[in-house]
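Before any comments, here is the structure.
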2 protein chains.
Amino acid sequence: MESLFNFFNKYNTLSKEGEKAIAEISKIVEIKKNTDLQPIGHTCKTIYFIKKGVARIYYFKDDIDITESFAFENNIIARVESLFTGKTSRKAIQVLEDSELIAINSTQLFKLYDKFPEIERLFRLIFEAAYVGTIDRIEGIQFHTAEERYKALIKEAPDVLKRVPLKFVASYLGITQVSLSRIRGIR
Amino acid sequence: MESLFNFFNKYNTLSKEGEKAIAEISKIVEIKKNTDLQPIGHTCKTIYFIKKGVARIYYFKDDIDITESFAFENNIIARVESLFTGKTSRKAIQVLEDSELIAINSTQLFKLYDKFPEIERLFRLIFEAAYVGTIDRIEGIQFHTAEERYKALIKEAPDVLKRVPLKFVASYLGITQVSLSRIRGIR
DNA sequence: GGAAGTACTTTACATATGATAAATAATCAA
DNA sequence: TTGATTATTTATCATATGTAAAGTACTTCC
């Protein structure tokens, strides 16, 4: 659990009791490459922290697989739109390498908020940061060409290109795989 | 302030003390059509609630005016990416009609979080909901044609078309004004 | 009420990206 | 290793949206 608490410390330092409370509602999950953590169509009740591996959130639009986001080591991944609304999620989380994750039960986590304001604050700060990332991404999608977005991705997250199949990168960038291949061809 | 507290009640009901504390750090602002609430280039330290009027967040990309979002009566508007990071904002908030707003000082608000966990929770819930909206918007931008996005906007927020110049709507939809005009021409 | 500035539309042409299909390359399982 | 599956690239053609320029219609303000 130590890597998880190190991650937390970047946002808000917890007391020993706070850490213990989170440890109690969390468990380590090992999972094989290319498998789904949770299926589409259920309400999301888990926040995952990635100890080792890569994961993506994806969904289907007209039978086409669309990657919404990627997450790597020492980051969390969750289907926020279901977690916060309680609605069933049209999305799934899939692991792209043999991975080791820490699964935090969100139902129990949200209950801890009453007893531990420090935990509520911690997750508030984590999700505020994620929210800012999402706002920036809208700007990227809306006002940069596919080529600019691809180059920005190489620069900011070169790991993605190394560890993730290009077909997933394409839909993440909002283009077809053919288009991505064309962009990569230009040098 | 009553309209503000009614808005809050949709997320978390505050105690009288909590309401009073917020009232003390808030003030009513009346502002004329087409003026900026705050200039580009400063750190955002205000969350606005719109009592009457319309506002938009905008910025310049290569000298072109881009609208990031609109907000109408009984909603809040804030440059979240600056509010949460403390960085200066490249964005400005502009009012598109003679408007009446409630300005909440965010520096003082964040200080209240320690004393009033109920206020911290309130704003956590408000921004969680906004975050979910942003996630949904990415999907809209990325995987729907401009025409689909325009029609979705008419359906979800017909007010926008009535109260906001089309040039602002165009950049909000991620297209040029010419393109929007073309789409509107098709019937 | 008229002039000046804004907002909106229309046209013509350029271009980035999509769709489809086929070829090649890489990965995986027996 | 070999064959089968999956991933990636390449080519061709279609189309949505962008750019530029000009025209029309509104607003605003003196």
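Within every chain, numbering begins at 1; the chains are lettered A, B, ... in the order of the sequence lines, protein sequences first and strands thereafter.
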Output the rounded distance in Å from [atom1] ([X]) to [atom2] ([N]).
X: A/Leu166; N: C/dT27; atom1: CG; atom2: C1'; result: 14 Å
X: B/Gln177; N: D/dA20; atom1: CD; atom2: C1'; result: 14 Å
X: B/Lys33; N: C/dA7; atom1: NZ; atom2: C1'; result: 12 Å
X: B/Lys167; N: C/dG5; atom1: NZ; atom2: P; result: 15 Å
X: A/Arg184; N: C/dT17; atom1: CZ; atom2: P; result: 16 Å
X: A/Ile141; N: C/dA16; atom1: CD1; atom2: P; result: 20 Å
X: B/Arg163; N: C/dA7; atom1: CZ; atom2: C1'; result: 19 Å
X: A/Leu96; N: C/dT27; atom1: CG; atom2: P; result: 15 Å

**Message:** Would you call the rings of A/Phe127 and A/Phe84 parallel, tilted or perpendicular, taking 30° and 60° as the class edges?
**Reply:** perpendicular
**Parallel, tilted or perpendicular, as decided by the 30° and 60° cut-offs, for the rings of B/Phe7 and B/Phe49** = tilted
**Asked** Do the side chain of A/Ser181 and the main chain of A/Gln177 share a donor and acceptor less than 3.5 angstrom apart?
**Response** no
**Salt bridge flag under 4.0 Å for residues B/Lys91 and B/Asp36** = no
**Asked** If you draw a 6.0 Å radius around NZ in A/Lys87, do more than 12 non-hydrogen atoms from other residues or ligands fall strictly inside?
**Response** no
Can you pull every protein N or O that's under 3.5 Å from an N or O on nucleotides 16-18 of chain D?
| residue | atom | partner | partner atom | Å |
| --- | --- | --- | --- | --- |
| D/dT17 | OP1 | B/Ala146 | N | 2.8 |
| D/dG18 | OP2 | B/Thr176 | N | 3.2 |
| D/dG18 | OP2 | B/Thr176 | OG1 | 3.2 |
| D/dG18 | OP2 | B/Ser179 | OG | 3.0 |
| D/dG18 | N7 | B/Arg182 | NH2 | 2.9 |
| D/dG18 | O6 | B/Arg182 | NH1 | 3.1 |

**Prompt:** For the atom pair CG (A/Leu122) and CZ (A/Phe116), what is the distance rounded to the nearest 0.5 Å?
**Reply:** 12.5 Å
